[in-house]
Amino acid sequence: MATAGPSVSKMSEECFDFICTSCDEENKTVEAVRYCVECSGYCCQPCTDMHKKFPTLRNHNLLDVSQGKQAGNQQPKLPEFPTERCGTHHGKVLDMFCEKHNVVGCSTCISKDHRSCPDSQIYSIPEMIDALFNLSNSKQTQSLLKDLMNSMSSISDSKDDQLTTLIKAMNEALKKITTFQKALETAVKKAAEMSKKELEDAYKKLEEEILHDKAEVQKTKDALQNTSAKLQKAELNRAQRFVCTKLAETQIKEADDQMSKRKLKDITDVHLSFKPNQSLRDYINGLHGIGEVVRRTKKRTDLYKVKGSKDINIKLTNDSTMCYSLGCCLTLDNHQLLLTDFKNQKLKRLDIKNMTVIDYLKLEGNPIGVCCIGTLEAVVACGSSNMIQFVSIDKKMSLTRQIKMSHHCQGIATKDDKLYITDNGSSLYMYDVTGNLLKTTSLHNAEKTLLKYSRHITFNESGKKMCIGSWNNDVVCFDDAGNFLSAYKDNDLSGTDGVCVDGRGNIFVVGKISHNVLQFNEDGKNIGVVLKQQDGLNHPRSVCFHQKLNVLFVSMDDSEVLKMYELE
């Protein structure tokens, strides 16, 4: 039977300048006619024909054997020709280098994207490899690849930790929901399912974000690992090693950009919790859930800036005098805003979407502070009349009950069925919702009065710390048990009045006399002035922040408008 080509066994004395690499591995000596760059070996005629037969081999770069150089009696040195294919122009080899842009490409890439580059900076890699190749750069790139892969592994591990924390928080929140649900009537079950769905949606969104980050990290890590392997494999092929080095440098830059833009290195706190609504039994029919799913957001450390502003008209046709708004707060669903009008003795309700007053209630006494104690109920502190008044904020606002106090009532806040009230003096009072006094904290001694002319109250996002505006330019902090924690002040602040938090670790503080709003962090550091008199403030009194809209509302003395500032 005829053979496919000239062949002799290894014992034959017949010699060829070039022998087929594949046949040589089968102990056959067959003369080679081509060299395959991708296969890194010589091919006899049958093996060359085989390349033309199979689709996967057709694009291999077959060189004439004469391009190889014989070294003594040994197999000729393999040609240094890149094997990497262009990802844009299928089948073409990355055999060109643009020095100006420091990138490799195929001939089509160079002609299309680098036509304006000087010819003196365009090189054929096989022809100029001796001048282009730099082993130290290759080693440095390999080291950078390794370091970057280690960083990606560390980030991937941290994402696993975040998932573990998230699952734990999810389970703890579900337990709270279930425990609270059992104490309620049958009618609450529908609302409980809605809250569970809200929690699960929040969890799913967080989970998707983490898994997406993890997948991106793994994708980048795999690409880096593949490039690293190619770089190691091309030990004897300087041209391929050069190409792989340049590709690796590009991947390293892209990975660094990914880490910078997506901030993958930032390991943020992942937290979910459930905040039960204790007034649920009384208002079950109007609820859309049995509590609030709280997602802890990333702390903000930079100063807010004003993106835009708007004046909201709060004067009603039956107001007897100029509006004098001393307090404001958002309803728990964040759809409405409650505003006290001291001189007109009214509680006004604004629709956030339309930014208009939709309802009002005439009160007994002059209202100052206001806060919501449930989805459908608010409580108002009425200054010199020494009383607090409970208001239904259902379809139509109405007075439900009032409690007479033994002291002036200025600022008011609520947490866990407890009411916290300031007296425009040096004391903080803590009551239950029925009016029983639980604790009084007075910060006054012969040496110094820390809490003087106390004003509005706000709790931080965890609910464990409350901050009180004190007219003598202080912000005084307590824990939720009414114990003093700290106090701080700033020269930019004069006449401290309203306070509120942004839910991201910051406190907005109103300076009535200084006509401004300052931003502090929870440690008392002044981040800067967010709003000043030039922004339209004139004796500001109270402030509240809409976290979802990134909007700050500010009320003022003797003004027909409520200022609304869109922040960024």
| request: For atom CD of Glu127, decide whether the heavy atoms of other residues, nucleotides or ligands shown that lie under 6.0 angstrom number more than 12. | output: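 Result for CD/Glu127: open.
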Tell me, please, which residues at least two apart from [X] pass salt bridge (charged side-chain N to carboxylate O under 4.0 Å, His left out).
{"X": "Lys246", "result": "Glu249"}
{"X": "Lys253", "result": "Asp257"}
{"X": "Asp351", "result": "none"}
{"X": "Asp160", "result": "Lys214"}

Side chain [X], main chain [Y], donor-acceptor under 3.5 Å:
{"X": "His51", "Y": "Cys47", "answer": "yes"}
{"X": "Ser156", "Y": "Ser153", "answer": "no"}
{"X": "Thr21", "Y": "Gly41", "answer": "no"}
{"X": "Lys465", "Y": "Glu522", "answer": "yes"}
{"X": "Asp480", "Y": "Lys464", "answer": "no"}
{"X": "Thr245", "Y": "Arg241", "answer": "yes"}
{"X": "Glu568", "Y": "Tyr304", "answer": "no"}
{"X": "Thr227", "Y": "Ala248", "answer": "no"}
{"X": "Asp523", "Y": "Lys525", "answer": "no"}

| message | Applying salt bridge (charged side-chain N to carboxylate O under 4.0 Å, His left out) as the test, list every pair that has at least one member in residues 488-497; sequence neighbours left out. | response |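 Every pair satisfying salt bridge (charged side-chain N to carboxylate O under 4.0 Å, His left out) with a residue in residues 488-497: Arg455-Asp497, Asp474-Lys489, Asp497-Arg541.
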| note | Applied to residues 88-116, the salt bridge (charged side-chain N to carboxylate O under 4.0 Å, His left out) test, sequence neighbours excluded, yields none
Enter the distance from [X]:[atom1] to [Y]:[atom2] here, rounded to the nearest 0.5 Å.
{"X": "His546", "Y": "Asn550", "atom1": "NE2", "atom2": "CG", "answer": "10.5 Å"}
{"X": "His335", "Y": "Ile352", "atom1": "NE2", "atom2": "CD1", "answer": "9.5 Å"}
{"X": "Cys20", "Y": "Glu26", "atom1": "SG", "atom2": "CD", "answer": "8.5 Å"}
{"X": "Ser228", "Y": "Leu145", "atom1": "OG", "atom2": "CG", "answer": "5.5 Å"}
{"X": "Leu549", "Y": "Asn334", "atom1": "CG", "atom2": "CG", "answer": "8.0 Å"}

Return the set of residues passing side-chain hydrogen bond (donor to acceptor under 3.5 Å, both in side chains) with [X] (not counting sequence neighbours), or none when no residue passes.
{"X": "Gln218", "answer": "Asp222"}
{"X": "Asp49", "answer": "Gln45"}
{"X": "Asp119", "answer": "none"}
{"X": "Asn521", "answer": "none"}

| field | Polar contact flag, side-chain donor to acceptor under 3.5 angstrom, Ser309-Glu566 | value | no
| field | Polar contact flag, side-chain donor to acceptor under 3.5 angstrom, Thr331-Asp333 | value | yes
| Side chain to side chain, Glu172 and Lys176, heavy atoms closer than 4.5 Å |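 No; the side chains remain at least 4.5 Å from each other.
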| query | Strictly under 6.0 Å, is that where the ring centroids of Phe508 and Phe520 end up? | reply |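 Judged by ring-centre distance (under 6.0 Å), Phe508 and Phe520 do not meet the cut-off.
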| task | Determine whether the aromatic ring centres of Phe242 and Phe97 lie less than 6.0 Å apart. | result |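 Yes, ring centres under 6.0 Å apart.
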| task | Determine which pairs satisfy ring-ring contact (aromatic ring centres under 6.0 Å, His included) with at least one residue from residues 104-126, sequence neighbours left out, and list them in order. | result | His101-His114
Donor-acceptor pairs under 3.5 angstrom involving side-chain atoms of residues 529-539: please list them, not counting sequence neighbours.
from: Asp535; atom 1: OD2; to: Lys532; atom 2: N; distance (Å): 2.9

